[in-house]
Every structure is written in structure tokens, then in C-alpha cells.
Visitor: 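Before I ask anything, here is the structure I am working with.
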Number of protein chains: 2
Amino acid sequence: MHTRSKISILQTTCINCTQTNCIVNSYANSESNRKFIESKKILKCKKGQQFIMEGAMVNGLFIILKGTAKVFRTGINGKEQIVRFAKSGEVIGHRGFGTEEHYPIGAVALEDTLLCYFSKELLQEALLNNAKLAYDMMLFYANELNRSESKVKTISQMTVRERVIDSILYINRKFGDTDGYLNLVLSRKEYADYAGTTEEQVIRTLSTLKKEGLIRTRGKKIGIYNIDNLKAEISQHNFFLDS
Amino acid sequence: MHTRSKISILQTTCINCTQTNCIVNSYANSESNRKFIESKKILKCKKGQQFIMEGAMVNGLFIILKGTAKVFRTGINGKEQIVRFAKSGEVIGHRGFGTEEHYPIGAVALEDTLLCYFSKELLQEALLNNAKLAYDMMLFYANELNRSESKVKTISQMTVRERVIDSILYINRKFGDTDGYLNLVLSRKEYADYAGTTEEQVIRTLSTLKKEGLIRTRGKKIGIYNIDNLKAEISQHNFFLDS
DNA sequence: TATAAAACATGTTTTTTCGCAGTTTTTTAT
DNA sequence: ATAAAAAACTGCGAAAAAACATGTTTTATA
């Protein structure tokens, strides 16, 4: 069962925000960004709710205040490719900021989620008035690009088994685990959509890994028994380690 | 046979540079960037020469003044994944600009090439002093990210045949054709490394496409006969069109 | 807590892709 | 122009992955 949000007072400004890894938050106190910061809106999003539709007009940017989301692109026959999972403090919707007028991705909340929303116009103004903010955003994109290109290689060169292991380690790295089970619970289908394979293939691989004593499962939940052996299996691919 | 460079006078500043689509060039006249611009060095690079080594320290950024290059990541058993092909005016080496200290990619000149080189320190200074430059760099990264994530989906969901067609169309779009053959001549191996498959598979696919009257080949050269039918085959995947 | 729906699981078949080995053609360098 | 090297091609068997079919367990909800 997912945790229901317990936040009752919705902050309307960033000034007192406790989010430490938010790219905007770092500049909340800057006078030049006041207008931008104050334009922020907070959205409540139920579990399973889609808050960015693929192909919709780009009109702003989201930052997760609390919660989790998956970001994806829809392919042939509606098959979705999950591009990344996002947690508190992370930016979503930034992909439409280039020459694109439409969001090239969709986003769905994986649990009840609170989103900060900034309008495109004011964000652009803030970026052009604050070189440091623009620079930091640039670095954010650069890292995302690095990750994405690394993923191209992963999907292109790894076997299904390796990609499933890689996915489990990614979820572990990003969301951690509690009481022996990963904190973010995904369906086998979602693992498949992230790893670029089919649901059955993921299920089979997990069964095998379970028999081999590398992981354990309990319903949808997955726990890692032997992280070193898991890492060892894909280490040969990661000549220079990626986030 | 590739064209030998005929440039005899090497410009040492951007002021009179004729390159129109260079991101730095647009700010060449700005006084604040003078120091940065003047730090530029020009490098000559022979065909086949590797000018960025994977894993080397990031110490600067390259912009192609004249020529072509391939950018790649090396995977298991030395199998390379070509991430993109770059032409005049394009930035290379920017992937190491985030938190990374080492280039996550390698780059090789595909013909005799002239490169502009900017030191990391001065570029950073320029970015922090010029919000517009940082903003434009951010947009550049955003577009690259968009392309890369699109490629993840392509490799994940398309068949080998579709990926080969997609690659041919990409080369056509980016480098154009003359006298019925694509301007950029790549080996079958390079097509495979870009499309995420094997050399034999590319050869097989090209043979079939030839028999079907969609393309023609003459040695390494590839020509497109029926671009609309080629596009039609992959159009179903590109719900929202990508560059 | 009963029940329906969703998700997990596994065996079988089919399709796709890969890898090897040998041949021919093209390119490159002398 | 010619020889050597590199690249392109082809067929075939093997392996990997996907698709299909069907049963079981878990989860959500009335």
C-alpha cells in the first residue's frame, strides 16, 4: 500500500521550502528571481494520474515536491519506453524546452504526488537574468544526456538478463531499500518498459535470479540479496561508471 | 576519395569566421567574451584520427570548423556504440561538462578535419558571465537529450530493418546526397554500430532493400531511390517527429 | 472477508537476431 | 596498373528473444 501524503499546508513560495536538492530552491532568495519564484503553483496528483501528455503544448516545467513519477515515450502499438523515474526535487517537462513546442514525453505519478509548477515564460526570463541558474540547468541537462546516451549503449549491447539487473540496481541506487526490499515498487511490466523487453522476459529473469539466490521477491516487491554479484555481472559493460 | 582541406590560413579568432551555425560565433563580438574567444586554438586532424579518448580528463570543448566526426562509447568486447555523427559548427566534448571529470565518449574524425578548441576554464567563465550563452548551451543540450531519448526508444522498439532504415534517413537528413548517393560514406560496420546491430545484419538488410528497389549501393556508397516508402516504414514509430 | 481484477508465473512455439566460415568485390597503396 | 588489404556479401545453424496460451497468486475493493 502506498503512503498517502500528509502535507496539509501547501507552500506557495519557495522561501521556506525544505527541499534541499531543488535546482530552483538554491536561488529562492535572489531578488531577481522573486517574480519567478512567486509565480509557482502547487499541484496535487493522485497515484496513477498523468500530468504531462505526450504531444501537448509546452507551457511550463514541473519539479516534484513530494512523490515519484515515471517519464516515458509511447511507441508502436502503444508500447511505452520508460525513460526515467523521478523523485523529490527533480525536474520534469524540461525536455520540451528546446526548439520543441510539444512535450516529447508523458509523465505519470506513481504515488500521490505534489508538484511545483513554473510557467515557461517566467522561467525563461529567470534563466536569461541569472547566468548561474542557466549554467546549473545546463549542467543538469548535460548529466541527463550522459545518462541517456549510456542507456542507449545499455539497451543496445546488454542481454535481457543484464538489462533487468541494471534496472534493479538503478532503482536501488536512486530509491534505496528498507527492510530488505526496494523502496520503489514497480510492476514487472514497468521493469520491462524501462529495460526495453517484455513482461514475461522480466518475470523469467527474476525467477532465475531468485533461484540463484541473488534477489528475493514477495509479490511485486523485489529485494536484493547479493548486490556485489549483481554488480559484477554488468560491471564489464561499465568501463567508465555511469550514474 | 575524401576531400582534402584547402584552408591555408588558420584563423586564430572567431571575429571573421564564416561558420554560421556555431553557438560561440554568435557572441564573438561581445566584449565580455573577448578573452574566451581569443583563447581558441585550431587543431588539424587527419582522417581516422581520434581526438577525444574515452575516459581522458575533460579539459575543453571542440567545435568542428570543417569536416565530420563520429562520437561513440565503447562497450563490452570493444564493441562500439556510435552516439552521433557531427558536422561543421557542431559541438563535441560537451558531454563531460557536468559533474564528470572524464570524457564519457570518444571521437574520431571521419575525414581530414579542422577543430576549434576552447579551454574548459575560460568557457565556464564565459558561460557564467553571459546568461544568453548559457541559455543557448542549455537549449543545445536539451535538444541533444531529446534526440538521445528518442534513440533509446528506437533501439528498444524497432526491428533491425527499421533501425537500418532509420539510420540511412538520419544520414540523409543530416548530410544530404549528391548524384543519387549519400554525402557521408560509412562502412557497414559503422551503420551497425549506430543502429545497434551487427555488420552482417546491416549487409543483409541493405541487400533486401536493394532488391526491393528502395535503395541502391555501389561499393560503400548508398543511394536512396524511394525516400517516401522508406519514411513510411518507420513513420508509425514517430508519433511526434524527432530530429 | 468475499470477489473481481490485476499481476505474476511458466511451459511451448515462433520469430528474430546473431555468429561463423568462406567467397567475392572494392578500395588503397605501391 | 597491380597486388595486398579491407570491406562487402551469402548461407546456415545456433542462440536469444518474443509471442502465445493458460494457470496461479496477489492485490484492491465493495
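Note that the structure is predicted; figures quoted are calculated from it, not measured. Letters A, B, ... are given to chains in the order of the sequence lines, protein chains preceding strands, and every chain is numbered from 1.
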Visitor: Between A/Arg218 (CZ) and D/dT26 (P), how many Å, whole number?
Guide: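 Value for this atom pair: 9 Å.
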Visitor: Take the protein atom CD1 of B/Ile222 and the nucleotide atom P of C/dT26, then report the distance between them rounded to whole Å.
Guide: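 From B/Ile222 CD1 to C/dT26 P: 15 Å.
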Visitor: Between C1' on D/dA18 and CD on B/Gln157, what's the gap in Å once rounded to a whole number?
Guide: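 In whole Å, D/dA18 C1' and B/Gln157 CD are 14 Å from each other.
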Visitor: Which nucleotide, C/dT27, C/dT12, D/dC9, lies nearest any side-chain atom of A/Arg204?
Guide: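 Of all the options, the side chain of A/Arg204 is nearest to C/dT12.
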Visitor: Would you say a side-chain N or O of B/Ser187 is under 4.0 Å from OP1 or OP2 of D/dA6?
Guide: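 For D/dA6, neither OP1 nor OP2 has a side-chain N or O of B/Ser187 closer than 4.0 Å.
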Visitor: Which pair of non-hydrogen atoms, one from A/Tyr141 and one from B/Ala142, has the smallest distance, and what is that distance?
Guide: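 Scanning both residues, the minimum pair turns out to be CE2-CB, 3.3 Å.
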Visitor: Please determine, for the side chain of A/Ser207, which listed nucleotide (C/dT10, C/dC8, D/dT10) has the closest atom?
Guide: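 So the side chain of A/Ser207 is nearest to C/dT10.
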Visitor: OP1 or OP2 of C/dT17 sitting under 4.0 Å from any side-chain N/O of B/Gln201?
Guide: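 No, because none of the side-chain N or O atoms of B/Gln201 sits under 4.0 Å from OP1 or OP2 of C/dT17.
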Visitor: Of the options D/dC20, C/dA9, C/dT17, whose atoms approach the side-chain atoms of B/Thr159 most closely?
Guide: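 For B/Thr159, the side-chain atoms sit closest to C/dT17.
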Visitor: So which heavy atom on B/Lys221 is nearest to which on B/Val185, and how close?
Guide: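 In this case the closest contact between B/Lys221 and B/Val185 is CG-CG2, 3.8 Å.
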Visitor: Please confirm whether the shortest side-chain N or O distance from B/Thr197 to OP1 or OP2 of C/dC18 is below 4.0 Å.
Guide: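 The answer is yes; a side-chain N or O of B/Thr197 sits under 4.0 Å from OP1 or OP2.
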Visitor: Which heavy atom of B/His102 sits nearest to which heavy atom of B/Gly55, and what is that distance?
Guide: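 So the minimum-distance heavy-atom pair works out to ND1-O, 2.9 Å.
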Visitor: Round to the nearest Å and state the distance from B/Leu206 atom CG to D/dC9 atom P.
Guide: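 For the pair B/Leu206 CG and D/dC9 P, the rounded distance is 7 Å.
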Visitor: Rounded to the Å, how far apart are A/Asp193 CG and C/dA7 P?
Guide: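 About 12 Å, once rounded to whole Å.
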Visitor: Do the side-chain N or O atoms of A/Thr217 get closer than 4.0 angstrom to the phosphate oxygens (OP1, OP2) of C/dC8?
Guide: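 So the side-chain polar atoms of A/Thr217 never come under 4.0 Å of the phosphate oxygens OP1 or OP2 of C/dC8.
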Visitor: Roughly, in whole Å, what's the span from CD in B/Glu111 to C1' in C/dT27?
Guide: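 My rounded result for the distance is 18 Å.
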Visitor: Do B/His237 and B/Glu162 have side-chain atoms, one donor and one acceptor, less than 3.5 Å apart?
Guide: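 A pair is found: one side chain offers a donor N or O, the other an acceptor, under 3.5 Å apart.
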Visitor: Could you tell me if the side chain of B/Thr217 sits less than 4.5 Å from the side chain of B/Leu209, heavy atoms only?
Guide: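 Sidechains of B/Thr217 and B/Leu209: no contact.
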Visitor: Tell me: CD of A/Glu199 to P of D/dA19, nearest whole Å?
Guide: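 Computing the A/Glu199:CD to D/dA19:P distance gives 12 Å.
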Visitor: From CD1 of A/Ile203 over to P of D/dC20, roughly how many Å is that when rounded to an integer?
Guide: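 Atom-to-atom, A/Ile203 to D/dC20, this comes out as 16 Å.
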Visitor: Among C/dC18, D/dT10, C/dA9, which nucleotide sits nearest the side chain of B/Glu200?
Guide: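 Given the options C/dC18, D/dT10, C/dA9, the side chain of B/Glu200 is closest to D/dT10.
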Visitor: Would you say A/Arg188 reaches C/dC8's phosphate, i.e. side-chain N/O to OP1/OP2 under 4.0 Å?
Guide: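 Yes, because at least one side-chain N or O of A/Arg188 sits under 4.0 Å from OP1 or OP2 of C/dC8.
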Visitor: Nearest nucleotide by nearest heavy atom, which residue falls closer to the 5' end of DNA chain D, A/Val160 or A/Lys220?
Guide: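 Its nearest nucleotide being more 5', the pick is A/Val160.
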